[in-house]
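See below for the structure under consideration.
Order of appearance sets the numbers: ligands from 1, and atoms from 1 within every ligand. What's counted below: heavy atoms across the whole structure, side chains too, no hydrogens, waters or symmetry copies.
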Amino acid sequence: MANLSLKGIQKIYPNGFQAVKDFNLEIEDQEFIIFVGPSGCGKSTTLRMIAGLEDISGGTLEIDGKVMNDVEPKDRDIAMVFQNYALYPHMTVYDNMAFGLKLRKVPKDEIDKKVKEAAKILDLEKLLDRKPKALSGGQRQRVAMGRAIVRNPKVFLMDEPLSNLDAKLRVQMRIEIAKLHNNLKATMIYVTHDQTEAMTLGTRIVVMKDGVVQQVDSPQKLYNEP
Ligand code: ADP
Ligand code: ADP
């Protein structure tokens, strides 16, 4: 289980630009939170601070009551899927999925079991020896998901994971992500520009603008659905 507490979170980049201003949000265990808002409003920055990929300039991030501000990314029980997938080009699909577990010194036979399980779920079993350049966009996206789910993270962050896919694959992967959320029992935070994704996946939607949270509401309320 994982509930997250973001209290007065701020980000000031080294050049002095304040990308996030006083971000407050309490996230319940297994919620599916959606971040929406115009490009540049601070969605990715907030996600990267939660993952530990970006220092927090002010405020407190707690997970299950523990302050996380200074915890290293690899010691956070969090996995992130990026918009551009960020796969390692010189590694095979198998090694891309195994990498995070190797880093955490998980025994080899356990890594093997987890990678093969994930490959089965994501229909990657026949592609394990390929390198990313020999995959389609949809397959690369699955590898990026696989790399995250092998770790069975308590918190799952996704930054526009479907925006580079064609419409048909997007629908298919959206359904897969809803299933994953149920199976993993993880707390999700998901950035998207797609209203259908926000409405069908989200338990709550956080609307950001210029580094500030403008509104937090259920999809039904926000989009005036019955
Ligand atoms: P979003 O994900 O909502 O598109 P980002 O979090 O990527 O927004 O960026 C928020 C703002 O911070 C943007 O104005 C962006 O240009 C700026 N920004 C992002 N990274 C840096 C950085 N490393 N240094 C300075 N400004 C940055
Ligand atoms: P996004 O797709 O989230 O909008 P961007 O294209 O804004 O991402 O940013 C891509 C990369 O460039 C990120 O690593 C971000 O930190 C960096 N970046 C964005 N804006 C700036 C900036 N003004 N100064 C320095 N780095 C930046």
query = Hey, are D159 and R48 close enough for a salt bridge, meaning a charged N less than 4.0 Å from a carboxylate O?
reply = no
key: Heteroatom proximity flag, A19 to ligand 1, N/O under 3.5 Å   = no
message = If the cut-off is 4.0 Å to any non-hydrogen atom of S39, which atoms of ligand 1 fall inside it?
response = 4 (O)
ask   = Would K113 and D109 count as a salt bridge (charged side-chain N to carboxylate O under 4.0 Å, His left out) if you check the C-alpha gap in whole Å, the side-chain angles of each, and the deciding distance to 0.1 Å?
value = CA-CA 6 Å; K113 191 166 153 255; D109 51 341; over 6 Å; no
Single hit among T192, I177, V171, D194 for side-chain contact (heavy atoms from CB on, under 4.5 Å) with L162 = I177
message = Taking atom CG as the centre, does D29 end up with more than 12 heavy-atom neighbours from other residues, nucleotides or ligands that are less than 6.0 angstrom away?
response = yes
query = Looking only at heavy atoms of C41, does any of them come nearer than 4.0 Å to an atom of ligand 1?
reply = yes
request  = Within a distance under 4.0 Å of any heavy atom of T45, pick out the atoms of ligand 1 and give their elements.
outcome  = 5 (P), 6 (O), 9 (O), 10 (C)
ask   = Do any N/O atoms on P14 end up under 3.5 angstrom from N/O atoms on ligand 1?
value = no
query = If only atom types and distance count, is the side chain of R174 paired as donor or acceptor with the main-chain N or O of L201 below 3.5 Å?
reply = no
task = May I ask you to list the atoms of ligand 1 that are less than 4.0 angstrom from any heavy atom of K43?
result = 1 (P), 2 (O), 3 (O), 4 (O), 6 (O), 8 (O)
inquiry  = Which residue is it: N3, I63, T187? I am looking for the one with a side-chain contact (heavy atoms from CB on, under 4.5 Å) to I27.
reply    = T187
request  = Run the numbers for me: atoms of ligand 1, each under 4.0 Å from some heavy atom of N15, listed by number.
outcome  = 25 (C)
